[in-house]
Protein chains: 2
Amino acid sequence: MKPLVLPPLARPDGMTTHDYAFNRLRQAIMVGAFRPGTSVTIRGLAEALESSPTPVREALRQLTSIGALQFLENRRIVVPHITPARFEELISLRIALESHAARRAVAHLSERQIENITAIDDSIETEIRRGDKVAALIANQAFHRKIYTANPDPVAMPLIESVWLQLGPILGIAMEHVTELYVVDRHREAIEALRRRDEEAVADAIAADIREGIGGFDQQAVARLLRLAA
Amino acid sequence: MKPLVLPPLARPDGMTTHDYAFNRLRQAIMVGAFRPGTSVTIRGLAEALESSPTPVREALRQLTSIGALQFLENRRIVVPHITPARFEELISLRIALESHAARRAVAHLSERQIENITAIDDSIETEIRRGDKVAALIANQAFHRKIYTANPDPVAMPLIESVWLQLGPILGIAMEHVTELYVVDRHREAIEALRRRDEEAVADAIAADIREGIGGFDQQAVARLLRLAA
DNA sequence: AATCTCTTTTTGTGATCACATTTTCAGAAA
DNA sequence: TTTCTGAAAATGTGATCACAAAAAGAGATT
């Protein structure tokens with residue numbers, strides 16, 4: 001058994017073991033730390049997290065509920081495989097969900113929040129220039145999340161994160177093959193539209209942003225990689 | 001402790017205790033067997049299901065992942081409350097998700113499948129005439145599910161079911177106050193559009209179907225009920 | 001060298017128990 | 001009657017163990 005490498009994550013006080021395991025695994029999958037097809041074991045993770053099977057199993061079950069993992073028929077636990085068709089469906093779903101969420105958030109965004117979002121966009125570019133792919137990815141997710149959660153009832157957010165999780169393993173592959181990240185300027189476009197309170201323009205900018213790339217990764221290139229891996 | 005009443009559900013051979021608990025609770029919530037704010041206990045459910053805390057807790061954790069339940073700060077487990085605003089957000093999300101899923105399914109539907117869907121629609125009307133609200137609800141969900149899962153990669157389906165689950169408790173309230181169900185003929189409209197392979201018309205029919213009612217329940221009336229309950 | 005068979009190890013499952021926190025509720029005090 | 005207090009009960013959490021199924025590996029056979 002390979003000694004599982006898990007990106008570190010602080011454990012806030014009072015957080016249950018189960019919650020900690022869930023969040024840490026979730027974060028790991030979301031930023032591409034696991035490749036499609038990777039299998040994990042309850043006991044292995046329990047050891048890596050210095051815990052016991054019970055809370056880990058609960059965390060794994062939750063992760064399967066949101067599409068991040070899969071319990072196979074033979075009881076094996078794996079990171080789901082992704083076909084090119086499934087990848088295309090997920091991107092298309094992201095566009096539908098996120099342009100919807102963006103549209104429903106516009107009316108609730110304060111000037112202050114828009115400034116905040118602009119600052120996050122700057123940090124994305126900083127990370128891209130520094131070449132830190134994972135940090136750029138996380139900042140990009142923060143950018144999107146900040147917009148959608150301006151809605152006081154962000155019911156779409158958990159669903160969006162579920163799609164991000166399902167795309168995570170792809171990002172891991174992409175990060176291995178893509179050497180250069182590029183700055184997406186659809187973000188500036190979205191911010192401008194937010195300032196004008198133009199719901200349709202915001203939705204369009206977000207849709208274009210997703211269609212053109214996955215947080216700094218060229219989508220066409222990723223699709224090509226997938227076809228090769230299949 | 002009130003002796004929990006849970007709608008029965010067959011347990012297929014080889015299904016794990018955990019899976020059975022999950023499916024049974026899920027089904028119960030989806031058809032409105034629990035009111036918003038209802039609290040459940042792990043031991044209580046374990047007893048009702050003639051099982052033990054471990055698999056039940058896993059099932060409950062999974063249900064929270066998909067928005068069907070909520071673990072509060074004080075460790076209480078409850079069916080989430082719904083505000084009118086949240087209800088409106090969920091309906092709007094249903095429209096976005098399901099019109100998208102319908103559009104992406106059209107190209108994959110065979111004539112045979114369309115016939116099947118027509119038959120399901122007939123069964124909805126039968127149940128409505130018989131006055132069996134729960135059966136009508138289940139048939140209505142089957143109608144929608146059958147369309148969306150024609151897509152060989154139905155990645156949106158789990159998200160759609162998550163929204164259905166979050167609307168479930170509302171349906172329970174609706175069923176208490178609404179005496180008369182009515183037949184939605186947007187279904188016929190959708191079927192006609194499916195036959196013509198008209199993606200936009202299908203998406204529009206589904207959107208209208210959702211906007212006008214929740215599987216036989218008048219949406220405006222439900223919104224009014226919610227405002228009263230709040 | 002490839003395939004089959006049987007043993008050993010690994011792994012998921014579910015029941016049980018101890019512990020800490022929360023809730024409940026009876027009885028006292030205002 | 002209402003409010004406060006403290007003991008008892010209920011509840012979520014997590015570790016452990018026994019069990020059955022699956023996987024891995026060793027050795028024999030073809």
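Numbered from 1 within each chain, the chains take letters A, B, ... in sequence-line order.
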SB check A:R103 A:E98 (cutoff 4.0 Å):
no
Residue pairs, two or more places apart or on separate chains, that pass salt bridge (charged side-chain N to carboxylate O under 4.0 Å, His left out) and touch residues 155-178 of chain A:
A:R26-A:E161, A:R35-A:E176, A:R145-A:E161
Interatomic distance where CG belongs to A:L45 and C1' belongs to C:dT11 [whole Å]
13 Å
Taking the nucleotide of DNA chain C with the closest heavy atom to each, which residue, B:S51 or B:R43, is nearer the 5' end?
B:S51
Separation of D:dG12 C1' from A:H18 NE2 (nearest whole Å)
12 Å
Verify whether one side chain among A:E127 and A:S123 offers a donor that lies under 3.5 Å from an acceptor in the other.
no
In whole angstrom, what separates A:R11's CZ from D:dG14's C1'?
11 Å
Pairs under 3.5 angstrom only: tabulate donor-acceptor contacts from the side chains of residues 42-52 of chain B to other protein residues two or more places apart or in another chain.
none

Could you name each residue pair satisfying salt bridge (charged side-chain N to carboxylate O under 4.0 Å, His left out) that touches residues 67-81 of chain A, not counting sequence neighbours?
none
Residues at least two apart in sequence or cross-chain that pass side chain to side chain contact (heavy atoms under 4.5 Å, CB included) with B:Q70, listed by chain then number, are B:L72, B:V78, B:P80
Within residues 52-59 of chain B, find the residues that approach DNA chain C with a heavy atom at under 4.0 Å, and present them sorted by residue number.
B:S52, B:P53, B:T54, B:P55
B:E50 CD - C:dA15 C1' separation (whole Å):
15 Å
Got a sec, which residues hit side chain to side chain contact (heavy atoms under 4.5 Å, CB included) with A:Q113, two or more places apart in sequence or on another chain?
A:L109, A:S110, A:A150
Can you list, in residue-number order, the parts of residues 60-78 of chain A that come under 4.0 Å of DNA chain D, counting heavy atoms only?
A:N74, A:R75, A:R76
Expressed in angstrom and rounded to an integer, what is the separation of B:E47 atom CD from D:dT11 atom P?
10 Å
Those residues at least two apart in sequence (or on a different chain) that pass side chain to side chain contact (heavy atoms under 4.5 Å, CB included) with B:H177 are B:I173, B:L225
Can you pull the ring-ring contact (aromatic ring centres under 6.0 Å, His included) pairs that have at least one residue in residues 131-160 of chain A, sequence neighbours excluded?
A:F143-A:H187, A:H144-A:Y148, A:H144-A:H187
I need a per-nucleotide contact map over nucleotides 4-9 of chain D, read 5' to 3'. Cutoff is protein heavy atoms under 4.0 Å; write B for the base, S for backbone only, - otherwise.
------
Side chain to side chain contact (heavy atoms under 4.5 Å, CB included) partners for A:D19, two or more places apart
A:M15, A:T16, A:N23
Cut-off 3.5 Å, no hydrogens considered: what does the side-chain donor-acceptor table look like for residues 54-68 of chain A, sequence neighbours left out?
residue : atom : partner : partner atom : Å
A:R57   : NE   : B:E58   : OE2          : 2.8
A:R57   : NH2  : B:E58   : OE2          : 2.9
A:E58   : OE1  : B:R61   : NH1          : 2.2
A:E58   : OE2  : B:R57   : NE           : 2.8
A:E58   : OE2  : B:R57   : NH2          : 2.8
A:R61   : NE   : B:H18   : ND1          : 3.4
A:R61   : NE   : B:H18   : NE2          : 3.2
A:R61   : NE   : B:E58   : OE1          : 2.8
A:R61   : NH2  : B:E58   : OE1          : 3.3
A:Q62   : OE1  : A:H18   : NE2          : 2.4
A:Q62   : NE2  : B:S65   : OG           : 2.8
A:T64   : OG1  : A:R61   : O            : 2.6
A:S65   : OG   : B:Q62   : NE2          : 2.9

Please report the distance, rounded to the nearest Å, between CG in A:D13 and P in C:dA20.
17 Å
